[in-house]
Amino acid sequence: MKTKTLYLGMALLAMTTAAQAKDYTLTSPGGNVKTTISVTDHVSYTVEYNNVVVVTPSAVSMTLANGRVLGQNPRVTKTTKKAIHETLKPVAYRKASVANDCNSLTLTFKGGYSLEFRNFDNGAAYRFILALGKDEVTVKNETAEFNFAENYPAIYSHTNSKGTVDQQFCNSFENLYTYKNLNDIQEDRLIILPAMVQLPNNIKACITEVNQFSYPGMLLLKDKEDTALNGVFARVPDQMKQGGHNMLQMVVQSRHDYIAKIEGTRTMPWRAIALSAEDKDMTDNDIVYCLADECQLEDTDWIKPGKVAWDWWNDWNIEGVDFRAGINNETYKYYIDFASQYGIEYVILDEGWAVNLKADMMQVIPEIDLPMLVNYAKSKNVGIILWGGYKAMDKDMENLCRHYSEMGVKGFKIDFMDRDDQIIVDFYNRLAKTAAKYKLMIDFHGAFKPSGMNRTWPNIINYEGVHGLEQMKWETLTEQVTYDVTLPFIRLVAGPMDYTQGAMVNMNRKSYRAINSEPMSMGTRCRQLAEYVIFDSPLNMLCDSPSNYMKEPTYTRFVAGVPTVWDETRTLSGEVAKYIVTARRTGNTWYIAGMTNWDARTVDVDLSFLGEGYTLEIYKDGVNADRKGTDYKHIPSTPCTGKIQMFMQPGGGFMIKATK
């Protein structure tokens, strides 16, 4: 009798579930993106783009510490659809206005939670919205699946640390790209966002997230059985000890069994997929900026993007002076004079100005007189930015921001967080708010990728989270050139990056060497120049020695004059991992730049969009740049005829300034 009753109960449950099962559909304003949300005994979603299935049914849920699973046996109590059509006005971005056009569908479930889905014509996203009350909620885990129909090619970066998954959560988020099919991805190596999957009809899907507030970042792991990528989240650290680089980090010893403790009523991070039918369109996808929370600052006039004369990459190597170069007042006055002469807005004092191993940014070495240097720079119309480590800033945040703001410092470059668990994400948000209070800009290094904070807190002016030029000080690998023409299609979808370009010693593949004290770049000089336009970087470094720049004053004045934020951006052409040509406008002046991988390449650049009356200034690879990377040709002035062919040497590039 008991067995019959059990079977009857199971049958009734199945019938009830089937009766409640329902699909909900959301399309984008133009109709080319379609999301289908299936509500059965769980919630899953499917995304299509131009009638191609991007992700097959992928589960969505959130497990709380009390055993409750949001998204399990769900009951929809309300559906809300709305259209969003607005124009955003960024503070420091690659365009002066951003069209935020999307359709939204919110499913409200019994039990105090909702799922909101948004479709743009070039992307799809979803997030949880919690209404669980005032009490704190502990999140045990979150299910965020990205299932794919076939064994598609993928382009992604692993963490640059190995070991167990827990050990991989501690990493600097800087690694080269791997190009493999989904089934060939290592199942025990975490993948950094953004990550790209290449679909039929040349469609590209770039997975990332937006609005990391008091919640760990999402990484991905390849599913062991399916062609799927699954979200993975760092558990909250339990025991930590001070250590790592010069005692500036907190090294995780053990972790709790949950990923976050959060407010019971709040919005959660967006899980987003940027989409493009042509490779070039991915580089101008604004989904992250559009999904981010609104700007929290009423006054943003004090946020001043610009160029930075940087000391660390060139190892303070200057020449032709009668003092010993290094971390001292005389050297920094030399950097300040250089910046002033060429109209460079800032000088950074990188690691070394504060006493080593103390993790205390109030202890300044005796060779440095900070108030004097700040005042000297101010008299030259140059701002000072200070480098600091995570632990030093975290333990004395309010006092440091107040003290150095009153001194006249313009911002901080904060380094060596090297995690994205809830504790570190909270640190980012606290520092953004505290720095804004004292009108200070922040450049995050040793940092996870951007996730829209540059809209919410625009004083967060830049992020690292990239295998940038600093790696050339010690790496002998030659994949950097290919990486450079891959990251505009992937990493830059998340937001700006501090790549730290500007090398003056430029080598081909055979001649390149890693030399820490006198570093060089791979590829040509014009490639380095092109990166100032192609890479989004509102606070942009001139990484090489002032002595090297001053040997070529015409070139240096050109570099210093390239804007760091823009009124308009267009990617004219490009293919992932092969080449890219980008055009950006400030006022009536356009900058058009291109760079290639290790293949020499001629590209047709159609400048007809400029209209009439433009004159071109051109920097292009010299005829011998494949042998000697510093070889370039400068054409000061030539009329614009609408179309132009540009030849790029292996690892090469070009730059065109179009003036009306």
Side-chain angles (χ1 to χ4, degrees), residues 13-29 31-49 53-64 66-85 100-121 123-133 137 139-147 207-211 213 215 218 230-231 260 262-273 275 287 290-293:
L13 177 61
M15 290 172 63
T16 301
T17 301
Q20 291 179 349
K22 186 173 181 180
D23 288 349
Y24 301 84
T25 301
L26 177 68
T27 57
S28 64
N32 52 326
V33 176
K34 176 184 175 182
T35 299
T36 302
I37 305 102
S38 296
V39 180
T40 56
D41 59 345
H42 67 285
V43 181
S44 64
Y45 72 100
T46 303
V47 176
E48 299 175 47
Y49 178 57
V53 175
V54 177
V55 290
T56 59
S58 299
V60 175
S61 70
M62 183 175 294
T63 303
L64 307 184
N66 61 9
R68 185 181 176 194
V69 181
L70 308 184
Q72 186 179 79
N73 297 320
R75 236 175 234 273
V76 177
T77 61
K78 181 181 178 182
T79 63
T80 306
K81 281 191 174 184
K82 66 177 180 179
I84 299 172
H85 300 290
N100 183 17
D101 295 320
C102 64
N103 290 332
S104 168
L105 169 63
T106 301
L107 303 180
T108 301
F109 297 94
K110 182 180 179 180
Y113 70 97
S114 305
L115 277 166
E116 181 183 3
F117 293 81
R118 287 190 189 177
N119 278 4
F120 303 77
D121 284 333
Y126 75 87
R127 67 175 173 181
F128 275 95
I129 301 174
L130 306 185
L132 301 175
V137 172
V139 180
K140 188 94 170 178
N141 203 1
E142 179 184 343
T143 298
E145 294 181 351
F146 302 89
N147 296 322
I207 303 168
T208 192
E209 63 179 332
V210 187
N211 274 2
F213 293 110
Y215 198 78
M218 182 173 72
N230 298 324
I262 60 174
E263 296 177 359
T265 299
R266 57 163 288 179
T267 60
M268 303 301 290
W270 291 98
R271 312 297 169 213
I273 306 174
L275 298 164
I287 189 172
C290 290
L291 289 170
D293 282 354

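When reading the values below, keep in mind they use all heavy atoms of this one structure, side chains included, and skip hydrogens, waters and symmetry mates.
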Which residues share a side chain to side chain contact (heavy atoms under 4.5 Å, CB included) with [X], sequence neighbours left out:
| X | value |
| --- | --- |
| E145 | S58, A59, T143, N147, N230 |
| K110 | R75, T77 |
| T80 | K78, T106 |
| A125 | W270, A272, L291 |

Exercise. What's the verdict on side chain to side chain contact (heavy atoms under 4.5 Å, CB included) for I37 and L115, showing C-alpha distance, side-chain angles and the deciding distance?
Worked result: CA-CA 10 Å; I37 305 102; L115 277 166; 5.8 Å; no
- [ ] Using a 4.5 Å cut-off on heavy atoms from C-beta on, say whether the side chain of F120 contacts that of C102.
- [x] yes
Please examine the side chains of I262 and M268, heavy atoms only from C-beta on, and report whether any two atoms are closer than 4.5 Å. yes
What's the spacing between [X] [atom1] and [Y] [atom2] if we round to 0.5 Å?
| X | Y | atom1 | atom2 | result |
| --- | --- | --- | --- | --- |
| H85 | N100 | NE2 | CG | 9.5 Å |
| R68 | Y113 | CZ | OH | 6.5 Å |
| L107 | K22 | CG | NZ | 9.5 Å |
| E116 | R127 | CD | CZ | 4.5 Å |
| I287 | L275 | CD1 | CG | 7.5 Å |
| Y49 | I273 | OH | CD1 | 12.5 Å |

Sequence neighbours excluded, the answer for salt bridge (Lys or Arg N to Asp or Glu O under 4.0 Å) partners of K140 is D257
Identify the two heavy atoms, one from [X] and one from [Y], that lie closest to each other, and give their separation to 0.1 Å.
| X | Y | result |
| --- | --- | --- |
| M218 | E209 | N-OE2, 2.6 Å |
| N103 | S28 | ND2-C, 3.5 Å |
| G112 | L132 | O-CD2, 3.3 Å |
| G31 | D121 | N-OD1, 3.9 Å |
| V55 | T46 | O-CG2, 3.0 Å |

For T108, the side-chain hydrogen bond (donor to acceptor under 3.5 Å, both in side chains) test, sequence neighbours excluded, returns S114
Can a donor-acceptor pair be found, under 3.5 Å and without considering hydrogens, that links the side chain of [X] to the backbone of [Y]?
| X | Y | result |
| --- | --- | --- |
| R266 | F213 | yes |
| N211 | D293 | yes |
| T265 | G133 | yes |

**Asked** Between T35 and N119, is any side-chain donor less than 3.5 angstrom from a side-chain acceptor?
**Response** yes
Worksheet item: Under 3.5 Å, is there a donor-acceptor pair linking the side chains of Q72 and S61?
Response: no
Once you measure the plane-to-plane angle for Y45 and Y126, does it fall in the parallel (<30°), tilted (30-60°) or perpendicular (>60°) bin? tilted
Which of L64, L70, L130 passes side-chain contact (heavy atoms from CB on, under 4.5 Å) with V139? It is L64
